[in-house]
Amino acid sequence: MLGSETMAPAALHMQRPLAGQVAIVTGSTSGIGLGILEQMAAAGATVVMNGLGDISQIEDALTRIRTAHDIEAIYVPADLMEPKACVEMITATEQRFGKIDILVNNAGIQHVSPIESFPPEKWDAILALNLSSAFHAICASFAGMKARGHGRIINVASAHGLVASPFKSAYVAAKHGIIGLTKTVALEGAEFGVTANAICPGYVWTPLVEKQIDDQAKSHGISRDEVIKNILLAQQPNKRFAETSEIGALAVFLASDAAQSITGTALPVDGGWTAH
Ligand code: NAD
């Protein structure tokens with residue numbers, strides 16, 4: 001295989017399609033967000049990590065990503081429950097790198113409970129993080145993207161943005177909402193080279209799902225194994241959890257020049273779940 005120093009520019013571009021671009025991925029200290037961040041770094045983007053977590057583990061992850069992919073990678077801490085923090089995260093990134101090409105709104109939480117006992121504070125928190133934080137981050141970055149004539153907004157929704165399951169009222173409402181937001185932003189950005197798409201994963205094995213297994217077991221009064229077999233993967237015809245790298249690969253494609261005509265979509269990565 002050719003070394004990158006001897007490659008023609010077109011071949012190099014195909015290998016690192018996001019070289020020269022700045023990508024921010026919310027909730028990228030863990031799970032799907034981290035998978036997307038890693039794939040964007042592998043595609044040559046400068047990456048901005050956000051999310052909660054232990055700072056030494058975050059620094060270790062950044063060092064590993066910088067070394068593996070020879071790109072710049074920084075961490076911008078922001079509690080995205082706060083609208084002001086969403087805006088500050090965008091401002092800090094633009095101040096550091098002069099632009100944002102790719103905004104991935106991924107941070108999310110879950111709570112599983114029958115609706116009659118669904119805690120109102122959990123409803124508020126899920127709506128704030130899974131839906132409103134994306135709105136605030138898009139608002140803060142949209143004018144810059146339009147002015148530069150280029151932008152990629154990728155919202156990590158869920159199969160639950162397309163169909164519902166019991167006991168997930170807030171999550172399903174937020175995920176349906178973010179698909180509506182995606183379509184609106186796509187229409188507003190279309191003439192300015194700014195696309196907006198939603199990715200709708202089925203089950204991906206991450207800490208968010210791990211916690212749900214216990215919650216579902218409690219709600220349904222069944223074992224963890226029964227939750228995995230009869231509830232989680234019962235929906236997913238291919239009977240496997242997706243890898244975070246699969247979600248990352250789609251995000252990289254949506255961010256690339258090849259996807260410039262794809263906008264306003266909600267793309268399932270769900271093993272056939274929503275084909276039912
Ligand atoms: P995860 O728990 O592994 O990661 C969630 C991320 O969000 C972490 O980085 C966490 O630090 C961050 N976060 C939490 N609260 C935050 C806050 N207040 N401010 C900033 N960041 C915060 O979960 P995941 O499974 O990787 O989920 C990521 C996204 O994918 C979510 O939007 C989720 O709804 C969606 N999703 C997940 C699955 C799945 O099966 N795992 C399926 C469909 C959609």
Side-chain angles (χ1 to χ4, degrees), residues 24-39 47-55 57-58 61-62 75-90 104-112 121-122 124-134 136-137 154-165 168 170-179 181-182 198-216 227-228 231-233 235-236 238 240-248 250-251 266-271 273-274:
I24 179 162
V25 183
T26 72
S28 50
T29 51
S30 162
I32 292 173
L34 183 55
I36 294 174
L37 195 87
E38 296 224 42
Q39 295 284 315
V47 293
V48 178
M49 178 185 276
N50 158 263
L52 312 177
D54 176 75
I55 194 67
Q57 285 179 6
I58 289 170
L62 287 173
Y75 172 61
V76 175
D79 179 347
L80 302 181
M81 294 285 187
E82 300 296 326
K84 199 164 155 266
C86 302
V87 176
E88 285 168 358
M89 171 188 71
I90 297 296
V104 182
N105 292 302
N106 163 80
I109 48 171
Q110 172 67 285
H111 184 77
V112 179
E121 62 278 10
K122 292 283 187 194
D124 289 343
I126 289 172
L127 268 286
L129 186 63
N130 297 18
L131 179 57
S132 299
S133 75
H136 296 299
I154 300 168
N155 295 322
V156 178
S158 167
H160 281 121
L162 301 167
V163 294
S165 294
K168 295 185 175 177
Y171 189 83
V172 169
K175 295 301 187 181
H176 275 66
I178 203 162
I179 290 177
L181 175 65
T182 304
I199 298 178
C200 301
Y203 283 102
V204 185
W205 192 278
T206 68
L208 180 140
V209 167
E210 177 58 35
K211 179 177 177 303
Q212 253 188 84
I213 295 170
D214 293 329
D215 292 347
Q216 290 265 24
V227 169
I228 293 172
I231 298 184
L232 301 189
L233 295 184
Q235 306 278 10
Q236 217 152 286
N238 69 345
R240 68 178 279 274
F241 289 93
E243 305 281 336
T244 60
S245 59
E246 295 170 55
I247 314 301
L250 177 56
L267 295 164
V269 187
D270 65 0
W273 172 351
T274 54

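These figures come from a predicted structure and were not determined experimentally. In this chain, numbering begins with 1 at the start of the sequence shown. Atoms within each ligand, like the ligands themselves, are counted from 1 in listed order.
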J.: Taking all heavy atoms of Thr206 and all of Gly31, pick out the closest pair and write down the distance.
T.: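 It is CG2-CA, 3.8 Å.
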
J.: Suppose we screen for side-chain hydrogen bond (donor to acceptor under 3.5 Å, both in side chains). Which residues come up paired with Glu243, at least two apart in sequence or across chains?
T.: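 Counting only residues at least two positions away or on another chain, Glu243 forms no side-chain hydrogen bond (donor to acceptor under 3.5 Å, both in side chains).
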
J.: Looking at Thr274, Ile179, Asp270, which hits side chain to side chain contact (heavy atoms under 4.5 Å, CB included) with Cys200?
T.: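 That would be Ile179; it is the only one of Thr274, Ile179, Asp270 passing the side chain to side chain contact (heavy atoms under 4.5 Å, CB included) with Cys200.
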
J.: Side chain to side chain contact (heavy atoms under 4.5 Å, CB included) with Val76: which of Ile90, Thr26, Val48?
T.: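 Between Val76 and the candidates, side chain to side chain contact (heavy atoms under 4.5 Å, CB included) is satisfied uniquely by Val48.
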
J.: Determine the interplanar angle of the Tyr203 and Trp273 rings, folded into 0 to 90°, and report it as parallel if under 30°, tilted if 30 to 60°, perpendicular if over 60°.
T.: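 The rings of Tyr203 and Trp273 lie parallel, inter-plane angle below 30°.
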
J.: Can you pull the residues with any heavy atom under 4.0 Å from ligand 1?
T.: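 Its neighbours under 4.0 Å (heavy atoms only) are Gly27, Ser28, Thr29, Ser30, Gly31, Ile32, Asn50, Gly51, Leu52, Ala78, Asp79, Leu80, Met81, Asn106, Ala107, Gly108, Leu129, Val156, Ala157, Ser158, Tyr171, Lys175, Pro201, Gly202, Tyr203, Val204, Thr206, Pro207, Leu208, Val209, given by chain and number.
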
J.: Which residue in the set Lys168, Lys122, Gln212 passes side chain to side chain contact (heavy atoms under 4.5 Å, CB included) when paired with His111?
T.: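 Only match with His111 under side chain to side chain contact (heavy atoms under 4.5 Å, CB included): Lys122.
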
